[in-house]
Amino acid sequence: GSVLTEILKQINFSPMPVAEEVIVLYLAVKGFFDEIDVKNIKAAENRFLDIVRMDAPELLQEINDNRDFTPKWEEALGKKFIAFKESLNK
């Protein structure tokens with residue numbers, strides 16, 4: 001509940017691109033954000049999306065092109081987020 005509420009907050013007049021929204025909602029529903037303190041969710045979300053934009057734009061492109069995701073996409077995104085979470089703990 002509180003994780004999804006935090007995830008769904010957006011800055012007024014600054015809508016999130018659909019592919020980024022899909023990624024964040026997918027991760028939230030699958031529980032990837034569960035171990036992150038709710039007060040840090042937005043910062044973690046923004047930092048992760050920055051990493052995806054720079055290091056894995058193909059994850060965004062697949063959503064934009066296909067309007068769907070594959071098991072391969074899910075695996076790549078999950079691995080990317082796990083590595084991101086591990087970097088937070090260092």
Side-chain angles (χ1 to χ4, degrees):
S2 57
V3 170
L4 279 175
T5 299
E6 199 61 32
I7 291 290
L8 291 170
K9 292 179 183 177
Q10 292 187 24
I11 300 170
N12 286 343
F13 309 110
S14 183
M16 181 182 282
V18 172
E20 292 179 10
E21 200 166 333
V22 168
I23 284 175
V24 170
L25 289 172
Y26 173 86
L27 292 170
V29 169
K30 293 292 187 177
F32 284 88
F33 285 104
D34 289 353
E35 295 175 14
I36 298 174
D37 191 325
V38 172
K39 68 181 182 208
N40 298 326
I41 294 276
K42 257 340 213 190
E45 172 191 331
N46 290 329
R47 282 191 288 178
F48 181 69
L49 287 173
D50 285 343
I51 290 168
V52 169
R53 285 184 214 107
M54 292 176 62
D55 296 345
E58 68 278 2
L59 294 173
L60 296 166
Q61 195 61 49
E62 184 164 340
I63 294 298
N64 287 327
D65 291 347
N66 302 323
R67 299 283 181 209
D68 200 1
F69 44 83
T70 62
K72 180 181 171 186
W73 179 89
E74 292 180 80
E75 181 181 351
L77 182 66
K79 285 180 180 178
K80 181 66 84 181
F81 195 81
I82 289 168
F84 167 72
K85 273 187 17 182
E86 288 172 357
S87 75
L88 294 177
N89 296 328
K90 291 182 181 178

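Predicted model only: the values in this text are computed from it and were never measured. We use all heavy atoms of the structure for the numbers below, so side chains are in, but hydrogens, waters and symmetry mates are not. If you read the sequence from its start, that first residue is 1, and numbering goes on from there.
- The two residues Ala44 and Ile36 make their nearest non-hydrogen contact at CB-CD1, 3.9 Å.
- Atom NZ of Lys42 is surrounded by more than 12 heavy atoms from other residues, nucleotides or ligands within 6.0 Å.
- One finds no salt bridge joining Arg47 and Asp50 here, because no Lys/Arg side-chain nitrogen approaches an Asp/Glu carboxylate oxygen to under 4.0 Å.
- Looking at heavy atoms from C-beta onward, Ile63 lies in side-chain contact with Trp73 at the 4.5 angstrom threshold.
- Between Asn46 atom CG and Glu20 atom CD the span is 9.0 Å, to the nearest 0.5 Å.
- Phe81 has its side chain out of reach of Ile51: every pair of non-hydrogen atoms, C-beta onward, lies at least 4.5 Å apart.
- A distance of 9.5 Å separates CG in Leu77 from CD1 in Ile82, rounded to the nearest 0.5 Å.
- Taking 4.5 Å as the limit, some side-chain heavy atom of Val18 sits within range of a side-chain heavy atom of Arg67.
- For the pair Phe69 and Glu74, the tightest heavy-atom approach, listed with the atom from each and the gap, is CD1-CG, 3.7 Å.
- Remark: the backbone N or O of Lys39 is paired with a side-chain donor or acceptor of Asp37 at under 3.5 angstrom.
- Here the closest heavy-atom approach between residue Ile23 and residue Phe48 is recorded as CG2-CE2, 4.1 Å.
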